[in-house]
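Sequence positions, counted from 1, serve as the residue numbers for this chain.
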Amino acid sequence: MPPRLTLGRLLAAGFLALCVVDAAKQGTTALPATGLVAATGIAPAPGGVRLTPVGRYDFEAPAVGERDLRPEGLSGIVSLGGDRFLAIGDEHACLHPLTIQVDSVTGKIRAARLGEPILLLDSLGAHLPDSVLGKDREAIALDAAGHSVWLANERTGTDLHRPSLERYALPSGQMTGLVRIDSHPMLRVFENIRVNLGFESLTRRAGGFWTANEGPLTVDGASATNTAGAVVRLQKLDDEMRPLAQYAYEVDRYPARITSPFFLARNDVSGLSEVLALDDGRLLTLERSFAGDSTGSANFRNRIYLVDVTDATDVSQGELAAGLEGRAYTPARKTLLWEVNSGFTNSNFEGMAFGGRLANGDQLLVLIADNDTGRNEALFALRLVASPALLVMPK
């Protein structure tokens, strides 16, 4: 997620609540035109892959008295099959079952309902204290057997400077595994994360996992600005979470600095929020920026790319393992599939998951928004159109 705001964060949360409260109460699928700019499709990518936007769905989460069980800051989502999903938030140490009912012909989301939360437990079965260990779990993926989930954490315990990957059993929520970045030489470069810009994404297909840092490591160059993008590392691991390779990925620059509202000035950010693996080895990536639009007004922008690492340099080898800044390498190739600019609304889409097949064979793709805090939730549905060999069923 972006660096946390102080006064601006509090004022923004109140403003966003006012923006979406009516839509959430009515279960509508769209914000007013002034709040949500229409999503546009992009020309087909190599291999005939394209995304068709279906639409947004806003809903209200149930009131939860216990703070550490609230579905706030939902930033990761994974399919459990059918209409069942599981979400993780970056505010509290719990998983949230989520039922998403979709029109099988159009792909339009008809209803969404959050279920009973699953508290996360440590390896001994004790509840994780929310005040010190609740934050910054950003992404979720099922393991090969489907009996556990792996979570991408921007921290290791209370250590803000070292991200980690955690495994929790289902349905108990008890921790059964931990991958620290000091557990393997290839992962040690992630000791150079910028705080709150560590492991933000996680995905699995047959053969292994992918994760990535949200923002550039200090040894890989500067953060993105309105004049230049940044570089992060796509990390490939096998099914036992053993590191296999790393590839450089170039994150887009953001359009402009924020000038309005004034309390959000200097909070501009652009980063890699999520990764999804296709069965042919390519990836879908979700980039998110919070920055100024052409007028300087605060704006959430999301872009989804088709990514191919076939000709990219494995930057875990040689001198590149220590840092990319000032060195030559070939980054992953990416092709834009879709973009949406949502203004200053509850549209911080950070999580992305495959759903099932639709009636005509297209695959459902669901985005979930990190609402920071509160009960207003947002989803966005798209249709992945590709050859049958490339379409995937949730695993």
Side-chain angles (χ1 to χ4, degrees), residues 1-4 68 73-76 78 87-95 118-143 148-169 172-204 208-220 223 232-244 246 271-275 316 321-323 350-351 370:
M1 65 179 296
R4 299 184 186 277
D68 56 357
L74 300 181
S75 55
V78 67
I88 182 66
D90 59 25
E91 288 292 326
H92 309 294
C94 60
L95 302 170
I118 301 171
L119 270 175
L120 296 182
L121 312 176
D122 66 18
S123 60
L124 300 178
H127 290 171
L128 296 176
D130 197 64
S131 59
V132 293
L133 296 177
K135 292 186 180 296
D136 289 341
R137 291 173 181 85
E138 300 285 354
I140 182 170
L142 283 174
D143 70 355
S148 300
V149 291
W150 282 93
L151 304 179
N153 194 336
E154 292 190 306
R155 311 179 182 192
T156 300
T158 58
D159 187 346
L160 303 179
H161 301 280
R162 290 175 175 81
S164 60
L165 300 171
E166 305 169 333
R167 185 179 62 201
Y168 293 89
S172 69
Q174 184 167 345
M175 180 185 281
T176 57
L178 175 66
V179 177
R180 300 169 54 96
I181 59 172
D182 58 7
S183 66
H184 191 282
M186 189 185 297
L187 300 179
R188 287 188 177 275
V189 70
F190 292 108
E191 293 176 348
N192 299 291
I193 65 165
R194 290 174 163 88
V195 172
N196 217 33
L197 294 174
F199 291 157
E200 183 82 7
S201 54
L202 190 62
T203 184
R204 181 194 171 275
F209 294 83
W210 290 86
T211 187
N213 47 309
E214 179 183 7
L217 306 177
T218 57
V219 295
D220 288 344
S223 297
V232 300
R233 295 187 182 223
L234 296 170
Q235 176 67 57
K236 187 177 184 180
L237 308 104
D238 68 15
D239 266 332
E240 302 302 319
M241 282 295 182
R242 293 177 294 233
L244 297 175
Q246 285 174 6
L272 177 59
S273 292
E274 187 60 284
V275 175
S316 70
E350 292 192 350
D370 179 345

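Rounding to the nearest 0.5 Å places CZ of Phe209 at 12.0 Å from CZ of Arg242. Distance NZ/Lys135 to CG/Leu160: 11.5 Å, rounded to 0.5 Å. Here the CZ-OG distance, from Arg188 to Ser316, works out to 15.0 Å after rounding to the nearest 0.5 Å. In this structure, Glu166 CD and Arg155 CZ are separated by 11.0 Å, a value rounded to the nearest 0.5 Å. Taking CG of Asp220 as the reference point, atom CZ of Arg233 lies at 4.0 Å (rounded to 0.5 Å). How far CG of Leu237 is from CG of Leu244: 6.5 Å, rounded to the nearest 0.5 Å.
Counting heavy atoms from C-beta on, the side chains of Glu191 and Ile181 come closer than 4.5 Å. A heavy-atom distance below 4.5 Å is found between the side chains of Leu120 and Leu95. The shortest distance between side-chain heavy atoms of Asp239 and Arg204 falls below 4.5 Å. Looking at heavy atoms from C-beta onward, Ile88 lies out of side-chain contact with Glu138 at the 4.5 angstrom threshold. Between Asp122 and Leu133, the closest side-chain pair of non-hydrogen atoms is not below 4.5 Å. Taking the side chain as every heavy atom from C-beta outward, Asp68 and His127 never approach each other to under 4.5 Å. Residues Leu272 and Leu234 have side chains in contact (heavy-atom distance under 4.5 Å, counting atoms from C-beta outward).
When every heavy atom of Ala139 is checked against every heavy atom of Glu274, the shortest pair comes out as CB-OE2, 4.0 Å. A pairwise comparison of heavy atoms in Pro216 and Ser223 identifies CG-CA, 3.6 Å as the closest pair. The minimum heavy-atom distance between Phe199 and Pro163, with the atom names listed, is CD1-CB, 3.6 Å. Between Ser148 and Ala169, the shortest heavy-atom contact is OG-CA, 3.7 Å. When all heavy atoms of Leu217 and Val189 are compared, the pair lying nearest together is CD1-O, 3.5 Å. The two residues Gln174 and Ser123 come nearest to each other via the heavy atoms NE2-O, 2.7 Å.
Considering Leu187, Thr156, Asn153, Thr211 in turn, Leu187 is the only one that fulfils the side chain to side chain contact (heavy atoms under 4.5 Å, CB included) rule with Val179.
For Asn213, the side chain to side chain donor-acceptor pair (under 3.5 Å) criterion is met by no residue, not counting sequence neighbours.
Evaluation of the salt bridge (Lys or Arg N to Asp or Glu O under 4.0 Å) test over residues 176-186, restricted to residues two or more places apart or in two chains, returns Arg180-Asp182.
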Test side chain to side chain donor-acceptor pair (under 3.5 Å) applied to His92 and Asp130, step by step: CA-CA 6 Å; His92 309 294; Asp130 197 64; 3.0 Å; yes
side-chain contact (heavy atoms from CB on, under 4.5 Å) assessment of Asp90 paired with Glu350: CA-CA 11 Å; Asp90 59 25; Glu350 292 192 350; 4.1 Å; yes
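Of the possible polar contacts, none joining the Arg137 side chain to the Ala93 backbone as a donor-acceptor pair under 3.5 Å is found.
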